[in-house]
Asker: 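To start, I am sharing the structure in question, which I have written as structure tokens.
Throughout, residue positions are numbered sequentially from 1 according to the sequence presented.
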Amino acid sequence: MSIKVVSSKLAAEIDKELMGPHIGFTLQQLMELAGFSVAQAITREFPINKADQSLRKKNVFVIAGPGNNGGDGLVAARHLKLFGYNPIVYYPKRSEKQPFYKQLVNQLDFFKVPLLSQEDNDNWMDYLKEEDTVCIVDAIFGFSFKPPMRPPFQDIVDKLVELEDKIPIVSVDIPTGWDVDQGPITERFISPSLLVSLTVPKPCSTFINKKKTSHYIGGRFISREFANKFGFEPFNYESTDQVLKI
Ligand SMILES: NC(=O)C1=CN([C@@H]2O[C@H](COP(=O)(O)OP(=O)(O)OC[C@H]3O[C@@H](n4cnc5c(N)ncnc54)[C@H](OP(=O)(O)O)[C@@H]3O)[C@@H](O)[C@H]2O)[C@H](O)CC1
Ligand SMILES: [K+]
């Protein structure tokens with residue numbers, strides 16, 4: 001199925017219009033739905049089923065960046081906890097940009113989701129044992145990443161590249177470090193096992209390794225008219241699903 005993609009410029013315009021005066025979504029609403037869809041895609045690819053409860057004993061290691069991509073990760077972690085998984089969140093650089101990020105962190109405390117922070121910079125890897133980890137969620141950067149990567153994120157991404165064949169990586173919206181339109185622009189880059197594009201896939205998603213990466217669309221919050229206005233068809237989500245495998 002040939003999937004329409006929209007450029008990073010158009011993705012930002014879509015976001016602006018969704019949160020503009022006519023439609024009036026709040027960022028919190030979109031982030032809640034986006035984060036929920038990431039969590040649901042993970043349950044589809046890494047199901048806890050009756051026969052195999054072992055995933056309940058393993059961790060989902062969520063790395064949250066300083067922006068809204070990171071916010072999606074914080075929301076996804078909360079939903080994963082409620083779905084019976086054991087998320088651990090590593091949130092190295094807290095951004096004060098959005099006051100409600102603090103509330104997302106409070107909610108993680110409330111749901112007893114361990115949160116590693118700046119002080120853990122040196123030993124966050126101790127929590128990433130291959131045999132104890134279901135997957136790593138890359139919620140570091142989304143469509144506002146502008147290279148070159150500033151510390152401490154380059155070291156983190158280098159470690160993820162090393163680990164990706166041992167522990168599956170789930171990238172939220174954009175594999176971190178990729179150019180939103182051009183795809184991978186560095187020698188070494190993350191090649192995720194699962195990409196969850198939000199609202200509509202970005203051009204970089206055409207560069208995923210189709211043999212390795214499962215691709216889902218999430219962020220089910222647009223109408224047919226809205227999609228057509230931006231030049232794409234809405235996605236045929238099934239029933240009440242918040243994700244669709246594409
Ligand atoms: N409708 C939707 O699709 C929604 C998508 N959501 C998610 O939002 C992200 C985009 O979020 P945004 O906050 O615009 O940007 P990012 O999270 O990608 O990154 C911005 C922060 O990252 C810092 N940054 C940028 N480049 C670098 C770099 N090279 N090195 C270090 N840090 C970097 C940037 O810092 P600045 O100082 O430059 O501002 C920001 O702090 C989208 O991808 C979706 O995942 C929403 O959740 C809901 C709606
Ligand atoms: K990401």
Asker: Is the Phe83 ring parallel, tilted or perpendicular to the Phe36 ring (thresholds 30°, 60°)?
Answerer: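 Aromatic pair Phe83/Phe36 classed perpendicular.
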
Asker: According to a hydrophobic-cluster definition based on side-chain heavy atoms being under 4.5 Å apart (Ile, Leu, Val, Met, Phe, Trp, Tyr only), do Leu104 and Leu30 belong together?
Answerer: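 Yes, because Leu104 and Leu30 connect within a single hydrophobic cluster, where side-chain heavy atoms sit under 4.5 Å apart.
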
Asker: Within this structure, what is the CG-CH2 distance for the pair Leu116 and Trp124, rounded to the nearest 0.5 Å?
Answerer: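 Here the rounded value is 10.0 Å.
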
Asker: Between Val172 and Val60, is there a shared hydrophobic cluster once you connect ILVMFWY residues whose side-chain heavy atoms come closer than 4.5 Å?
Answerer: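 Same cluster: Val172 reaches Val60 through Ile, Leu, Val, Met, Phe, Trp or Tyr contacts under 4.5 Å.
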
Asker: List the atom pairs, donor and acceptor, that lie under 3.5 Å between side-chain atoms in residues 150-166 and the rest of the protein, sequence neighbours left out.
Answerer:
residue : atom : partner : partner atom : Å
Gln154  : NE2  : Asp158  : OD1          : 2.9
Glu164  : OE1  : Ser191  : N            : 2.8

Asker: Once the angle between the rings of Phe235 and Tyr237 is folded into 0 to 90°, is it parallel (under 30°), tilted (30 to 60°) or perpendicular (over 60°)?
Answerer: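 Aromatic pair Phe235/Tyr237 classed perpendicular.
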
Asker: Locate the shortest heavy-atom distance separating Gly73 from Ala139; write the atom from each residue and the value.
Answerer: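 Looks like CA-CB, 3.6 Å.
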
Asker: For the residue pair Asn106 / Tyr101, report whether a side-chain donor-acceptor contact shorter than 3.5 Å exists.
Answerer: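 Judged by distance alone, the side chains do not pair up.
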
Asker: Please report the interatomic distance CG(Asn209) to OG(Ser193), rounded to the nearest 0.5 Å.
Answerer: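 Output value for this atom pair is 9.5 Å.
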
Asker: In Å, rounded to the nearest 0.5 Å, how long is the span from CG of Asn86 to NZ of Lys58?
Answerer: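 Going from the CG atom of Asn86 to the NZ atom of Lys58 covers 12.0 Å.
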
Asker: Do the side-chain N and O atoms of Gln40 and Asp241 include a donor-acceptor pair separated by under 3.5 angstrom?
Answerer: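 There is no such pair (donor and acceptor under 3.5 Å, judged by atom type) between the side chains of Gln40 and Asp241.
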
Asker: For a side chain to side chain donor-acceptor pair (under 3.5 Å) check, start with the C-alpha distance between Gln242 and Arg220, then their side-chain angles and the critical distance, and finish with the verdict.
Answerer: CA-CA 6 Å; Gln242 291 303 307; Arg220 185 177 183 181; 5.7 Å; no

Asker: Looking at Pro66 and Phe141, what are the two nearest heavy atoms and their distance?
Answerer: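 Taking Pro66 first and Phe141 second, the nearest heavy atoms are CD-CE2, 3.7 Å.
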
Asker: What verdict does the side chain to side chain donor-acceptor pair (under 3.5 Å) test give for Ser205 and His215, after you've listed the backbone C-alpha separation in whole Å, the side-chain angles of each residue and the deciding distance to 0.1 Å?
Answerer: CA-CA 8 Å; Ser205 61; His215 189 189; 4.6 Å; no

Asker: Rounded to the nearest 0.5 Å, what separates atom CZ in Phe46 from atom OH in Tyr85?
Answerer: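 Answer rounded to 0.5 Å: 9.0 Å.
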
Asker: State whether Lys245 and Glu45 are salt-bridged, where the test is any N-O pair (Lys NZ or Arg NE/NH1/NH2 against Asp/Glu carboxylate O) under 4.0 Å.
Answerer: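 Salt bridge present between Lys245 and Glu45.
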
Asker: Quick one: pull up CD1 in Ile136 and CG in Asn59 and give me the separation to the nearest 0.5 Å.
Answerer: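 Interatomic distance, Ile136 CD1 to Asn59 CG, rounded to 0.5 Å: 11.0 Å.
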
Asker: Apply side-chain contact (heavy atoms from CB on, under 4.5 Å) to Asn68 and Leu27, showing your working.
Answerer: CA-CA 9 Å; Asn68 293 338; Leu27 177 61; 3.5 Å; yes

Asker: Taking NZ, NE, NH1 and NH2 as the nitrogens, is one of them in Glu17 or Lys229 under 4.0 Å from a carboxylate oxygen of the other?
Answerer: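 Yes, charged N to carboxylate O under 4.0 Å.
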
Asker: Does CD belonging to Glu238 count more than 12 external heavy atoms closer than 6.0 Å?
Answerer: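 It does not: Glu238 CD has 12 such atoms or fewer within range.
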
Asker: Is the shortest side-chain heavy-atom distance between His79 and Glu32 below 4.5 Å?
Answerer: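 When only atoms from C-beta onward are counted, Glu32 and His79 do touch, with a gap below 4.5 Å.
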
Asker: Is the shortest heavy-atom distance from the side chain of Val137 to the side chain of Ile42 under 4.5 Å?
Answerer: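 Yes. Closest side-chain heavy atoms under 4.5 Å.
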
Asker: Determine whether Phe145 and Ile174 make a side-chain contact, defined as any pair of heavy atoms from C-beta on separated by less than 4.5 Å.
Answerer: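 They are not in side-chain contact.
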
Asker: Would you say Val180 ends up clustered with Val170 if hydrophobic residues are merged whenever their side chains have heavy atoms under 4.5 Å apart, either directly or through other cluster members?
Answerer: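 The answer is no; the residues belong to distinct hydrophobic clusters.
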
Asker: Rounded to the nearest 0.5 Å, how far does OG1 of Thr133 lie from CG of Leu128?
Answerer: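 Rounded to the nearest 0.5 Å, the CG-OG1 separation comes to 5.0 Å.
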
Asker: Going by heavy atoms in the side chains, are Ile190 and Asp138 under 4.5 Å from each other?
Answerer: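 Yes. Closest side-chain heavy atoms under 4.5 Å.
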
Asker: Could Asp179 and Lys146 be called an ion pair, given the rule that one side-chain N must be under 4.0 Å from one carboxylate O?
Answerer: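 Salt bridge: no.
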
Asker: Nearest heavy-atom pair of Ser171 and Pro192: which atoms, and what distance?
Answerer: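 Minimum heavy-atom separation between Ser171 and Pro192: OG-CB, 3.6 Å.
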
Asker: Is Lys202 salt-bridged to Asp181, going by a charged N under 4.0 Å from an acidic O?
Answerer: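 No, Lys202 and Asp181 are not salt-bridged.
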
